[in-house]
Amino acid sequence: MLDIRHIRDLPDQVRSALRRRGESDAAEAVDRILDLDGSRRAAITEADELKARRNEVSRTIGELKRKGEGAEDLILEMRSVGERIAALDGRIREVEEEVERILLETPNIPLPEVQEGGEADAVEVHASGTPTTHPFPALPHWELGQSLGILDLERGARISGSGFPVLRGAGARLQRILVEWMMEIHREEHGYEELLVPHLVTRETLTGTGQLPKFANDSYRTEADDLWLIPTAEVPLTNLHGGELLSAEDLPIGYVTCTPCFRREAGAAGKDTRGLLRVHQFDKVELVRLERPERSREALEELVRHAGTILDRLGLAWRVARLAAGDLGIASAMTYDLEVWAPGVDRWLEVSSCSTCTDYQARRADLRFRPAPGEKPLYLHTLNGSALALPRLVVAILETFQEEDGTVRIPRVLRDRMGTDRISGPSLSRSAAG
RNA sequence: GGAGGGGUGGCAGAACGGCUAUUGCACCGGUCUUGAAAACCGGCGUCCGAAAGGACUUGUGGGUUCGAAUCCCACCCCCUCCGCCA
(Lines give C-alpha, C1' and ligand atoms only; values in the text may rest on other atoms or scores of the structure.)
Protein backbone atom coordinates (compact mmCIF):
# COMPACT_ATOMS: atom_id res chain seq x y z
CA MET A 1 0.00 0.00 0.00
CA LEU A 2 1.25 3.44 -0.86
CA ASP A 3 1.59 6.11 1.80
CA ILE A 4 -1.40 8.44 1.56
CA ARG A 5 0.85 11.29 2.69
CA HIS A 6 3.23 10.58 -0.15
CA ILE A 7 0.34 10.73 -2.61
CA ARG A 8 -0.88 13.94 -1.02
CA ASP A 9 2.56 15.59 -1.08
CA LEU A 10 3.89 14.40 -4.44
CA PRO A 11 0.92 13.40 -6.58
CA ASP A 12 2.71 14.01 -9.88
CA GLN A 13 5.56 11.75 -8.90
CA VAL A 14 3.13 8.97 -7.99
CA ARG A 15 1.16 9.41 -11.20
CA SER A 16 4.19 9.15 -13.44
CA ALA A 17 5.57 6.21 -11.47
CA LEU A 18 2.33 4.32 -11.91
CA ARG A 19 2.25 5.19 -15.59
CA ARG A 20 5.70 3.61 -15.94
CA ARG A 21 4.09 0.41 -14.76
CA GLY A 22 1.47 0.77 -17.45
CA GLU A 23 -1.19 1.47 -14.84
CA SER A 24 -3.08 4.30 -16.47
CA ASP A 25 -6.11 3.54 -14.31
CA ALA A 26 -4.04 3.69 -11.17
CA ALA A 27 -2.71 7.07 -12.19
CA GLU A 28 -6.25 8.35 -12.52
CA ALA A 29 -7.03 6.82 -9.16
CA VAL A 30 -4.58 9.29 -7.67
CA ASP A 31 -7.00 12.11 -8.42
CA ARG A 32 -9.84 10.16 -6.88
CA ILE A 33 -7.78 9.50 -3.75
CA LEU A 34 -6.81 13.16 -3.40
CA ASP A 35 -10.45 14.13 -3.75
CA LEU A 36 -11.61 11.64 -1.11
CA ASP A 37 -8.76 12.54 1.18
CA GLY A 38 -9.77 16.18 1.06
CA SER A 39 -13.37 15.53 2.02
CA ARG A 40 -12.22 13.08 4.68
CA ARG A 41 -10.13 15.70 6.39
CA ALA A 42 -12.87 18.31 6.17
CA ALA A 43 -15.34 15.92 7.78
CA ILE A 44 -12.86 15.01 10.52
CA THR A 45 -12.34 18.65 11.37
CA GLU A 46 -16.08 19.24 11.63
CA ALA A 47 -16.69 16.09 13.69
CA ASP A 48 -13.79 16.87 15.99
CA GLU A 49 -15.18 20.30 16.77
CA LEU A 50 -18.54 18.80 17.69
CA LYS A 51 -16.87 16.16 19.82
CA ALA A 52 -14.87 18.80 21.63
CA ARG A 53 -18.12 20.59 22.44
CA ARG A 54 -19.77 17.36 23.57
CA ASN A 55 -16.84 16.47 25.86
CA GLU A 56 -16.90 19.89 27.41
CA VAL A 57 -20.65 19.93 28.01
CA SER A 58 -20.65 16.36 29.32
CA ARG A 59 -18.12 17.44 31.89
CA THR A 60 -20.39 20.31 32.88
CA ILE A 61 -23.37 17.96 33.16
CA GLY A 62 -21.39 15.73 35.47
CA GLU A 63 -20.56 18.67 37.73
CA LEU A 64 -24.16 19.88 37.80
CA LYS A 65 -25.42 16.41 38.69
CA ARG A 66 -22.93 16.09 41.50
CA LYS A 67 -24.23 19.34 42.88
CA GLY A 68 -27.77 17.99 42.54
CA GLU A 69 -28.75 20.52 39.92
CA GLY A 70 -30.73 19.77 36.76
CA ALA A 71 -29.20 19.80 33.30
CA GLU A 72 -32.14 18.85 31.12
CA ASP A 73 -31.58 21.53 28.47
CA LEU A 74 -27.91 20.56 28.04
CA ILE A 75 -28.71 16.87 27.85
CA LEU A 76 -31.30 17.61 25.18
CA GLU A 77 -28.81 19.65 23.17
CA MET A 78 -26.16 16.97 23.41
CA ARG A 79 -28.61 14.37 22.19
CA SER A 80 -28.87 16.16 18.85
CA VAL A 81 -25.15 16.89 18.75
CA GLY A 82 -24.58 13.18 19.21
CA GLU A 83 -26.72 12.45 16.20
CA ARG A 84 -24.78 14.86 14.02
CA ILE A 85 -21.52 13.35 15.19
CA ALA A 86 -22.76 9.87 14.35
CA ALA A 87 -23.71 11.02 10.85
CA LEU A 88 -20.31 12.62 10.27
CA ASP A 89 -18.45 9.60 11.63
CA GLY A 90 -20.43 7.43 9.26
CA ARG A 91 -19.45 9.57 6.32
CA ILE A 92 -15.79 9.58 7.40
CA ARG A 93 -15.79 5.83 7.58
CA GLU A 94 -17.34 5.44 4.16
CA VAL A 95 -14.72 7.71 2.63
CA GLU A 96 -11.90 5.91 4.42
CA GLU A 97 -13.16 2.56 3.21
CA GLU A 98 -13.28 3.85 -0.33
CA VAL A 99 -9.71 5.16 -0.10
CA GLU A 100 -8.62 1.83 1.37
CA ARG A 101 -10.28 -0.07 -1.49
CA ILE A 102 -8.41 1.98 -4.05
CA LEU A 103 -5.09 1.85 -2.23
CA LEU A 104 -5.27 -1.92 -1.84
CA GLU A 105 -5.44 -2.28 -5.61
CA THR A 106 -2.80 0.34 -6.36
CA PRO A 107 0.61 -1.23 -7.01
CA ASN A 108 3.96 -0.26 -5.55
CA ILE A 109 6.15 2.40 -7.11
CA PRO A 110 9.14 1.01 -9.05
CA LEU A 111 12.64 2.06 -8.03
CA PRO A 112 14.20 4.66 -10.35
CA GLU A 113 16.68 2.19 -11.82
CA VAL A 114 13.88 -0.10 -13.10
CA GLN A 115 13.54 0.31 -16.85
CA GLU A 116 10.24 1.00 -18.58
CA GLY A 117 8.43 -1.59 -20.64
CA GLY A 118 6.75 -4.95 -20.33
CA GLU A 119 7.65 -8.62 -20.27
CA ALA A 120 9.83 -8.35 -23.37
CA ASP A 121 11.89 -5.53 -21.90
CA ALA A 122 13.67 -7.48 -19.16
CA VAL A 123 17.38 -6.70 -19.08
CA GLU A 124 19.99 -9.40 -18.52
CA VAL A 125 22.32 -8.25 -15.78
CA HIS A 126 24.32 -11.38 -15.03
CA ALA A 127 25.04 -14.78 -16.53
CA SER A 128 26.88 -17.83 -15.23
CA GLY A 129 27.89 -21.08 -16.90
CA THR A 130 27.53 -22.17 -20.50
CA PRO A 131 24.13 -23.40 -21.64
CA THR A 132 24.47 -27.10 -22.33
CA THR A 133 24.02 -28.39 -25.85
CA HIS A 134 23.94 -32.15 -26.10
CA PRO A 135 25.62 -33.95 -29.01
CA PHE A 136 22.49 -36.11 -29.24
CA PRO A 137 18.79 -35.21 -29.48
CA ALA A 138 17.99 -33.91 -26.01
CA LEU A 139 14.81 -35.22 -24.47
CA PRO A 140 12.35 -33.04 -22.61
CA HIS A 141 11.97 -33.91 -18.95
CA TRP A 142 8.54 -35.44 -19.34
CA GLU A 143 9.97 -38.07 -21.65
CA LEU A 144 12.97 -38.66 -19.44
CA GLY A 145 10.76 -38.78 -16.39
CA GLN A 146 8.39 -41.27 -17.88
CA SER A 147 11.04 -43.61 -19.22
CA LEU A 148 12.93 -43.49 -15.93
CA GLY A 149 9.72 -44.11 -13.99
CA ILE A 150 10.20 -41.07 -11.77
CA LEU A 151 7.40 -38.86 -13.06
CA ASP A 152 3.76 -39.87 -13.21
CA LEU A 153 1.62 -37.14 -14.74
CA GLU A 154 -1.31 -39.40 -15.62
CA ARG A 155 -1.93 -40.69 -12.12
CA GLY A 156 -1.47 -37.23 -10.67
CA ALA A 157 -4.16 -35.98 -13.03
CA ARG A 158 -6.39 -38.90 -12.09
CA ILE A 159 -6.46 -38.02 -8.41
CA SER A 160 -6.37 -34.21 -8.65
CA GLY A 161 -6.68 -33.09 -12.24
CA SER A 162 -4.04 -31.84 -14.64
CA GLY A 163 -1.24 -29.80 -13.20
CA PHE A 164 -0.75 -32.00 -10.16
CA PRO A 165 2.30 -34.13 -10.94
CA VAL A 166 3.40 -37.18 -8.99
CA LEU A 167 7.09 -37.77 -8.48
CA ARG A 168 8.14 -41.23 -7.53
CA GLY A 169 11.21 -43.24 -6.64
CA ALA A 170 14.45 -41.49 -7.45
CA GLY A 171 12.54 -38.45 -8.65
CA ALA A 172 10.83 -37.98 -5.31
CA ARG A 173 14.10 -38.58 -3.51
CA LEU A 174 16.01 -36.16 -5.71
CA GLN A 175 13.57 -33.42 -4.90
CA ARG A 176 13.57 -34.11 -1.16
CA ILE A 177 17.35 -34.17 -1.10
CA LEU A 178 17.52 -30.94 -3.07
CA VAL A 179 15.28 -29.30 -0.48
CA GLU A 180 17.40 -30.47 2.43
CA TRP A 181 20.59 -29.46 0.71
CA MET A 182 19.32 -25.96 -0.18
CA MET A 183 17.88 -25.42 3.29
CA GLU A 184 21.22 -26.30 4.87
CA ILE A 185 23.10 -23.85 2.68
CA HIS A 186 20.75 -21.00 3.51
CA ARG A 187 20.75 -21.84 7.19
CA GLU A 188 24.45 -22.53 7.72
CA GLU A 189 26.14 -20.35 5.15
CA HIS A 190 23.70 -17.51 4.54
CA GLY A 191 22.42 -17.20 8.09
CA TYR A 192 18.68 -17.61 7.62
CA GLU A 193 16.52 -19.01 10.41
CA GLU A 194 14.64 -22.12 9.37
CA LEU A 195 10.88 -22.10 9.92
CA LEU A 196 7.92 -24.38 9.37
CA VAL A 197 4.78 -22.40 8.71
CA PRO A 198 1.09 -22.93 8.03
CA HIS A 199 0.09 -23.59 4.44
CA LEU A 200 -3.38 -22.17 5.00
CA VAL A 201 -3.73 -18.52 5.86
CA THR A 202 -6.46 -16.00 6.48
CA ARG A 203 -7.80 -13.44 4.07
CA GLU A 204 -6.02 -10.72 6.04
CA THR A 205 -2.68 -12.46 5.70
CA LEU A 206 -3.11 -12.76 1.95
CA THR A 207 -4.02 -9.08 1.83
CA GLY A 208 -0.87 -8.18 3.75
CA THR A 209 1.42 -9.38 0.98
CA GLY A 210 -0.79 -8.14 -1.87
CA GLN A 211 -2.41 -11.27 -3.33
CA LEU A 212 -5.79 -10.01 -2.15
CA PRO A 213 -8.07 -8.35 -2.94
CA LYS A 214 -7.04 -8.02 -6.59
CA PHE A 215 -5.94 -11.56 -7.40
CA ALA A 216 -8.46 -13.69 -5.55
CA ASN A 217 -8.95 -15.90 -8.61
CA ASP A 218 -5.32 -17.01 -8.58
CA SER A 219 -5.59 -18.72 -5.20
CA TYR A 220 -7.36 -21.78 -3.85
CA ARG A 221 -9.74 -21.15 -0.98
CA THR A 222 -11.42 -23.38 1.57
CA GLU A 223 -15.11 -22.69 1.79
CA ALA A 224 -16.00 -23.53 5.39
CA ASP A 225 -13.32 -21.46 7.13
CA ASP A 226 -12.36 -18.90 4.49
CA LEU A 227 -8.76 -20.05 4.74
CA TRP A 228 -6.60 -19.79 1.64
CA LEU A 229 -3.86 -22.10 0.36
CA ILE A 230 -0.63 -20.16 0.12
CA PRO A 231 0.63 -19.43 -3.40
CA THR A 232 4.12 -18.92 -1.95
CA ALA A 233 5.78 -19.06 1.46
CA GLU A 234 6.38 -15.34 1.08
CA VAL A 235 2.84 -14.95 2.42
CA PRO A 236 3.19 -16.58 5.87
CA LEU A 237 6.83 -15.51 6.30
CA THR A 238 6.32 -11.85 5.46
CA ASN A 239 3.21 -11.57 7.61
CA LEU A 240 4.79 -13.34 10.57
CA HIS A 241 5.56 -10.18 12.55
CA GLY A 242 2.39 -8.33 11.54
CA GLY A 243 1.17 -5.93 14.21
CA GLU A 244 4.40 -6.09 16.17
CA LEU A 245 6.77 -3.29 16.94
CA LEU A 246 10.28 -4.60 16.43
CA SER A 247 13.36 -2.94 17.81
CA ALA A 248 16.32 -1.98 15.68
CA GLU A 249 18.43 -4.84 17.05
CA ASP A 250 15.87 -7.34 15.78
CA LEU A 251 16.77 -6.42 12.21
CA PRO A 252 17.69 -7.72 9.81
CA ILE A 253 15.53 -10.82 10.00
CA GLY A 254 16.08 -13.61 7.49
CA TYR A 255 13.79 -16.60 7.23
CA VAL A 256 13.96 -19.70 5.08
CA THR A 257 11.28 -22.32 4.68
CA CYS A 258 10.07 -24.86 2.20
CA THR A 259 6.38 -25.12 1.47
CA PRO A 260 4.11 -26.33 -1.24
CA CYS A 261 2.78 -23.48 -3.38
CA PHE A 262 -0.74 -23.61 -4.75
CA ARG A 263 -1.65 -21.65 -7.86
CA ARG A 264 -4.80 -21.77 -9.86
CA GLU A 265 -3.12 -19.85 -12.70
CA ALA A 266 -6.53 -19.42 -14.29
CA GLY A 267 -5.31 -16.96 -16.88
CA ALA A 268 -2.36 -19.01 -18.01
CA ALA A 269 -4.22 -22.01 -19.40
CA GLY A 270 -2.60 -23.36 -22.54
CA LYS A 271 0.80 -21.82 -21.91
CA ASP A 272 3.72 -23.93 -20.69
CA THR A 273 1.39 -26.75 -19.83
CA ARG A 274 3.66 -29.69 -20.64
CA GLY A 275 5.28 -31.70 -17.89
CA LEU A 276 6.46 -29.83 -14.83
CA LEU A 277 6.77 -26.37 -16.33
CA ARG A 278 3.57 -24.92 -14.94
CA VAL A 279 1.65 -26.82 -12.30
CA HIS A 280 -0.98 -26.07 -9.68
CA GLN A 281 1.08 -27.35 -6.79
CA PHE A 282 4.83 -27.32 -6.40
CA ASP A 283 7.41 -27.06 -3.63
CA LYS A 284 9.62 -24.05 -3.22
CA VAL A 285 12.38 -23.00 -0.86
CA GLU A 286 11.73 -19.39 -0.01
CA LEU A 287 13.85 -16.65 1.54
CA VAL A 288 12.24 -13.65 3.19
CA ARG A 289 14.02 -10.70 4.75
CA LEU A 290 12.87 -7.85 6.93
CA GLU A 291 15.31 -4.99 6.61
CA ARG A 292 15.88 -1.43 7.63
CA PRO A 293 14.92 0.76 4.66
CA GLU A 294 18.45 1.94 3.98
CA ARG A 295 19.65 -1.67 3.77
CA SER A 296 16.99 -3.10 1.49
CA ARG A 297 18.56 -2.31 -1.86
CA GLU A 298 21.77 -4.07 -0.85
CA ALA A 299 19.77 -6.95 0.59
CA LEU A 300 18.14 -7.54 -2.79
CA GLU A 301 21.57 -8.17 -4.34
CA GLU A 302 22.38 -10.57 -1.51
CA LEU A 303 19.17 -12.44 -2.15
CA VAL A 304 20.16 -12.95 -5.78
CA ARG A 305 23.60 -14.17 -4.73
CA HIS A 306 22.07 -16.62 -2.27
CA ALA A 307 19.81 -18.08 -4.92
CA GLY A 308 22.59 -18.10 -7.51
CA THR A 309 24.88 -20.06 -5.20
CA ILE A 310 22.55 -23.02 -5.51
CA LEU A 311 22.63 -22.99 -9.30
CA ASP A 312 26.39 -22.58 -9.42
CA ARG A 313 27.00 -25.53 -7.14
CA LEU A 314 24.69 -27.73 -9.14
CA GLY A 315 26.68 -26.84 -12.24
CA LEU A 316 23.74 -25.36 -14.11
CA ALA A 317 23.81 -22.47 -16.54
CA TRP A 318 21.77 -19.51 -15.39
CA ARG A 319 21.21 -15.85 -15.92
CA VAL A 320 19.63 -12.95 -14.09
CA ALA A 321 17.15 -10.53 -15.62
CA ARG A 322 15.91 -7.29 -14.16
CA LEU A 323 12.20 -7.05 -14.88
CA ALA A 324 10.79 -3.94 -16.52
CA ALA A 325 8.35 -1.74 -14.63
CA GLY A 326 5.31 -3.11 -16.42
CA ASP A 327 6.18 -6.71 -15.49
CA LEU A 328 6.47 -6.22 -11.73
CA GLY A 329 4.13 -7.85 -9.26
CA ILE A 330 1.77 -5.55 -7.41
CA ALA A 331 3.96 -5.33 -4.28
CA SER A 332 7.36 -5.22 -5.92
CA ALA A 333 9.48 -2.12 -6.43
CA MET A 334 12.16 -4.07 -8.24
CA THR A 335 12.52 -7.71 -9.25
CA TYR A 336 15.29 -9.94 -10.53
CA ASP A 337 14.32 -13.20 -12.16
CA LEU A 338 16.80 -16.06 -12.14
CA GLU A 339 16.49 -18.36 -15.12
CA VAL A 340 18.12 -21.72 -15.60
CA TRP A 341 18.90 -23.31 -18.93
CA ALA A 342 16.90 -26.43 -19.79
CA PRO A 343 18.24 -28.03 -22.97
CA GLY A 344 15.42 -30.56 -23.33
CA VAL A 345 12.75 -27.91 -23.76
CA ASP A 346 15.41 -25.66 -25.28
CA ARG A 347 14.70 -22.58 -23.22
CA TRP A 348 15.36 -20.65 -20.05
CA LEU A 349 13.15 -21.44 -17.06
CA GLU A 350 12.36 -19.05 -14.25
CA VAL A 351 13.41 -20.74 -11.02
CA SER A 352 13.56 -17.71 -8.79
CA SER A 353 12.10 -14.28 -8.50
CA CYS A 354 13.81 -11.95 -6.04
CA SER A 355 12.02 -8.74 -5.12
CA THR A 356 12.19 -5.82 -2.81
CA CYS A 357 8.76 -4.61 -1.83
CA THR A 358 10.13 -1.58 0.00
CA ASP A 359 7.53 -0.52 2.59
CA TYR A 360 4.53 -1.55 0.49
CA GLN A 361 3.82 -4.84 2.22
CA ALA A 362 4.99 -3.49 5.57
CA ARG A 363 2.25 -0.88 5.48
CA ARG A 364 -0.39 -3.47 4.55
CA ALA A 365 0.78 -6.06 7.06
CA ASP A 366 1.73 -3.53 9.75
CA LEU A 367 5.41 -4.39 10.06
CA ARG A 368 7.18 -1.69 12.02
CA PHE A 369 10.36 -1.18 13.97
CA ARG A 370 11.73 1.55 16.20
CA PRO A 371 14.91 2.83 14.51
CA ALA A 372 16.40 3.98 17.81
CA PRO A 373 15.15 4.30 21.38
CA GLY A 374 12.94 7.35 21.68
CA GLU A 375 12.35 7.65 17.93
CA LYS A 376 9.06 7.09 16.16
CA PRO A 377 8.27 3.66 14.73
CA LEU A 378 8.98 3.24 11.02
CA TYR A 379 7.74 0.76 8.45
CA LEU A 380 10.48 -1.68 7.58
CA HIS A 381 11.25 -3.08 4.13
CA THR A 382 10.36 -6.59 3.03
CA LEU A 383 12.13 -8.73 0.46
CA ASN A 384 11.50 -12.19 -0.83
CA GLY A 385 13.16 -14.58 -3.20
CA SER A 386 12.84 -18.20 -4.21
CA ALA A 387 15.95 -20.27 -3.69
CA LEU A 388 14.71 -22.20 -5.47
CA ALA A 389 11.48 -23.43 -7.03
CA LEU A 390 11.68 -27.18 -7.26
CA PRO A 391 9.91 -28.68 -10.18
CA ARG A 392 11.71 -26.45 -12.64
CA LEU A 393 15.01 -27.03 -10.89
CA VAL A 394 14.45 -30.78 -11.25
CA VAL A 395 13.59 -30.17 -14.90
CA ALA A 396 16.89 -28.37 -15.47
CA ILE A 397 18.84 -31.12 -13.71
CA LEU A 398 17.19 -33.92 -15.67
CA GLU A 399 17.56 -32.19 -19.00
CA THR A 400 21.08 -30.87 -18.42
CA PHE A 401 22.59 -34.06 -17.05
CA GLN A 402 20.84 -36.55 -19.31
CA GLU A 403 23.00 -38.97 -21.24
CA GLU A 404 22.48 -40.43 -24.67
CA ASP A 405 21.32 -43.73 -23.14
CA GLY A 406 18.47 -41.99 -21.31
CA THR A 407 20.06 -42.06 -17.85
CA VAL A 408 20.67 -38.94 -15.79
CA ARG A 409 23.81 -38.09 -13.84
CA ILE A 410 23.29 -36.77 -10.32
CA PRO A 411 25.06 -33.44 -9.71
CA ARG A 412 28.30 -34.03 -7.79
CA VAL A 413 27.16 -32.03 -4.73
CA LEU A 414 24.16 -34.31 -4.26
CA ARG A 415 25.75 -37.71 -4.82
CA ASP A 416 26.52 -38.50 -1.19
CA ARG A 417 23.02 -37.63 -0.10
CA MET A 418 21.45 -39.55 -2.99
CA GLY A 419 23.72 -42.54 -2.46
CA THR A 420 24.15 -42.89 -6.20
CA ASP A 421 25.61 -40.94 -9.08
CA ARG A 422 22.97 -41.80 -11.62
CA ILE A 423 19.27 -42.30 -12.17
CA SER A 424 18.74 -45.20 -14.50
CA GLY A 425 15.84 -47.44 -15.26
CA PRO A 426 12.42 -47.65 -13.66
CA SER A 427 12.91 -47.13 -9.98
CA LEU A 428 9.90 -49.14 -8.91
CA SER A 429 11.50 -51.34 -6.33
CA ARG A 430 10.99 -54.95 -7.35
CA SER A 431 11.26 -56.25 -3.82
CA ALA A 432 8.91 -53.78 -2.12
CA ALA A 433 6.33 -53.10 -4.81
CA GLY A 434 5.34 -56.70 -5.39
C1' G B 1 -16.86 -29.18 20.23
C1' G B 2 -17.82 -28.32 25.98
C1' A B 3 -16.55 -25.68 30.80
C1' G B 4 -13.86 -21.94 33.19
C1' G B 5 -10.27 -17.75 33.23
C1' G B 6 -8.23 -13.70 30.59
C1' G B 7 -7.09 -9.68 26.54
C1' U B 8 -5.36 -2.04 29.03
C1' G B 9 0.90 1.87 26.27
C1' G B 10 7.73 -1.37 24.64
C1' C B 11 6.87 -4.49 29.31
C1' A B 12 4.46 -5.07 34.14
C1' G B 13 -0.01 -3.70 36.35
C1' A B 14 -4.46 -0.46 38.65
C1' A B 15 -9.08 2.01 37.69
C1' C B 16 -17.97 2.37 42.50
C1' G B 17 -20.62 4.73 34.18
C1' G B 18 -18.75 10.97 35.39
C1' C B 19 -12.53 15.51 37.73
C1' U B 20 -12.28 11.05 30.46
C1' A B 21 -6.71 5.65 32.05
C1' U B 22 -3.19 5.59 38.89
C1' U B 23 1.60 3.69 39.04
C1' G B 24 6.21 1.09 38.29
C1' C B 25 10.09 -0.52 34.89
C1' A B 26 12.42 0.49 30.23
C1' C B 27 13.48 4.37 26.81
C1' C B 28 14.36 9.80 25.11
C1' G B 29 15.45 15.13 26.35
C1' G B 30 16.93 18.46 30.25
C1' U B 31 18.96 20.06 35.25
C1' C B 32 23.02 18.52 38.35
C1' U B 33 28.13 16.12 37.51
C1' U B 34 35.05 16.11 35.09
C1' G B 35 32.07 11.83 33.10
C1' A B 36 28.47 8.43 34.74
C1' A B 37 25.00 6.73 38.41
C1' A B 38 21.39 8.61 41.74
C1' A B 39 17.92 12.50 42.30
C1' C B 40 14.67 16.00 40.12
C1' C B 41 11.82 18.17 35.75
C1' G B 42 9.67 17.11 31.09
C1' G B 43 8.58 13.61 27.32
C1' C B 44 7.46 8.60 25.71
C1' G B 45 0.33 5.67 20.78
C1' U B 46 -2.73 7.39 16.25
C1' C B 47 -5.29 11.19 13.45
C1' C B 48 -6.77 16.46 11.94
C1' G B 49 -4.24 21.21 12.12
C1' A B 50 0.97 25.94 9.67
C1' A B 51 0.33 26.65 14.82
C1' A B 52 -2.58 27.21 19.02
C1' G B 53 -5.34 23.46 19.90
C1' G B 54 -8.62 19.50 19.20
C1' A B 55 -10.16 14.50 18.35
C1' C B 56 -9.31 9.36 18.91
C1' U B 57 -7.12 5.12 21.61
C1' U B 58 -8.28 -0.15 27.21
C1' G B 59 -8.77 -7.41 21.48
C1' U B 60 -12.67 -6.28 17.16
C1' G B 61 -17.58 -4.68 15.82
C1' G B 62 -22.37 -3.18 17.43
C1' G B 63 -25.86 -1.40 21.41
C1' U B 64 -27.60 1.45 25.92
C1' U B 65 -26.31 6.65 27.77
C1' C B 66 -25.67 13.62 27.79
C1' G B 67 -21.20 10.57 28.96
C1' A B 68 -18.56 3.49 28.52
C1' A B 69 -12.04 0.40 29.95
C1' U B 70 -16.41 -0.02 33.25
C1' C B 71 -23.24 -2.14 31.53
C1' C B 72 -25.55 -5.34 27.28
C1' C B 73 -24.92 -8.34 22.50
C1' A B 74 -21.90 -10.71 18.76
C1' C B 75 -17.22 -12.14 17.13
C1' C B 76 -11.67 -12.96 17.44
C1' C B 77 -7.38 -14.44 20.11
C1' C B 78 -4.61 -16.48 24.44
C1' C B 79 -4.43 -19.74 28.97
C1' U B 80 -6.37 -24.10 32.01
C1' C B 81 -9.30 -28.48 32.07
C1' C B 82 -12.56 -32.11 29.40
C1' G B 83 -13.90 -34.53 24.82
C1' C B 84 -12.28 -35.93 19.85
C1' C B 85 -8.02 -36.83 16.91
C1' A B 86 -2.67 -37.47 13.19
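In what follows, chains carry the letters A, B, and so on, assigned in the order in which the sequence lines appear, proteins first and then strands, with residues in each chain numbered from 1.
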Starting at CG of A/L88, measure out to CD1 of A/I85 and round the result to the nearest 0.5 Å. 8.0 Å
Identified pairing partner of B/A12, criterion: Watson-Crick or G-U wobble below 3.5 Å: B/U23
Rounding to an integer number of angstrom, what distance separates B/C72 and B/C78 when you compare their P atoms? 24 Å
Watson-Crick or G-U counterpart of B/A36, or none if no pair lies under 3.5 Å: none
Centroid-centroid distance, A/Y192 to A/H306, less than 6.0 Å: yes
Candidates B/C47, B/C56, B/G18 - which lies nearest the side chain of A/S58: B/G18
Using whole Å, what does the distance between atom P of nucleotide B/A26 and atom CZ of A/R370 come to? 16 Å
If you count heavy atoms of other groups shown closer than 6.0 angstrom to CG of A/D416, is the number above 12? no
From the candidates B/G49, B/U46, B/G54, the one with an atom nearest any side-chain atom of A/A52 is B/G54
B/U46, B/G54, B/G18: which one has an atom nearest the side-chain heavy atoms of A/D48? B/G54
Could you tell me the Watson-Crick or G-U partner of B/C81, where both distances fall under 3.5 Å? Say none if there is no partner. B/G2
According to the Watson-Crick and G-U wobble definitions, with both distances under 3.5 Å, which nucleotide is paired to B/U58? none
Would a line drawn from the ring center of A/H241 to the ring center of A/F369 be shorter than 6.0 Å? no
What contact category does A/R53 fall into here, base, sugar-phosphate, or nothing, at under 4.0 angstrom with non-hydrogen atoms? nothing
Considering only atom C1', compute the distance from B/A26 to B/G10 and round it to an integer number of Å. 8 Å
Rounded to the nearest angstrom, tell me the gap between atom CD1 in A/I85 and atom C1' in B/C56. 12 Å
In this structure, how many angstroms lie between the P atom of B/G10 and the CZ atom of A/R368, rounded? 8 Å
What does A/L245 touch in the nucleic acid at a heavy-atom separation under 4.0 angstrom: a base, only the sugar-phosphate, or nothing? sugar-phosphate
Just N and O in the side chain of A/R40: are any of them under 4.0 Å from OP1 or OP2 of B/C48? yes
Taking OP1 and OP2 of B/C66, is either one under 4.0 Å from a side-chain nitrogen or oxygen of A/R79? yes
Distance, rounded to the nearest Å, where A/L64 contributes CG and B/C19 contributes C1': 14 Å
Rounded to the nearest angstrom, tell me the gap between atom CZ in A/R54 and atom P in B/C56. 6 Å
Pick the P atom in B/G18 and in B/G24, then give their distance to the nearest Å. 24 Å
Closest nucleotide of RNA chain B for A/I75 versus for A/R93: which of these residues is on the 5' side? A/R93
Whole-Å P distance, B/G45 and B/U22: 14 Å
Taking for A/E56 and for A/I4 the nucleotide of RNA chain B with the nearest heavy atom, the one nearer the 5' end belongs to A/E56
A/I44 side-chain proximity, nearest of B/G10, B/C47, B/C56: B/C47
Contact under 4.0 Å: A/N55 side-chain N or O vs B/G18 OP1/OP2: no
Looking for any heavy atom pair under 4.0 Å, which part of the strands does A/R203 touch: base, sugar-phosphate only, or nothing? nothing
Are more than 12 heavy atoms from other residues, nucleotides or ligands located less than 6.0 Å from atom CZ of A/R422? yes
Once you round it to whole Å, what is the distance between P of B/C27 and CD of A/E249? 12 Å
Considering only atom P, compute the distance from B/U33 to B/C44 and round it to an integer number of Å. 28 Å
Residue A/R412 excluded, over 12 heavy atoms near CZ under 6.0 Å: no
In whole angstroms, how far is the C1' atom of B/U60 from the CG atom of A/D366? 15 Å
Tell me which nucleotide, if any, is Watson-Crick or G-U wobble paired with B/U64 when both distances must be under 3.5 Å. none
Given side chain to side chain contact (heavy atoms under 4.5 Å, CB included), test A/V99 with A/L103 step by step and report yes or no. CA-CA 6 Å; A/V99 170; A/L103 283 178; 3.8 Å; yes
Can you check the distance between B/C25 and B/C73, where both ends of the measurement are the C1' atom (answer in whole Å)? 38 Å
From B/G18, B/U46, B/C56, pick the nucleotide closest to the side chain of A/K376? B/U46
Using atom C1' of each nucleotide, how far apart are B/G43 and B/G35 to the nearest Å? 24 Å
To the nearest angstrom, how far is A/L88 atom CG from B/C56 atom P? 13 Å
Roughly how far apart are A/H199 NE2 and A/Q281 CD, rounded to 0.5 Å? 10.0 Å
Using the C1' atom as the reference point in each nucleotide, state the distance between B/C81 and B/G13 in Å, no decimals. 27 Å
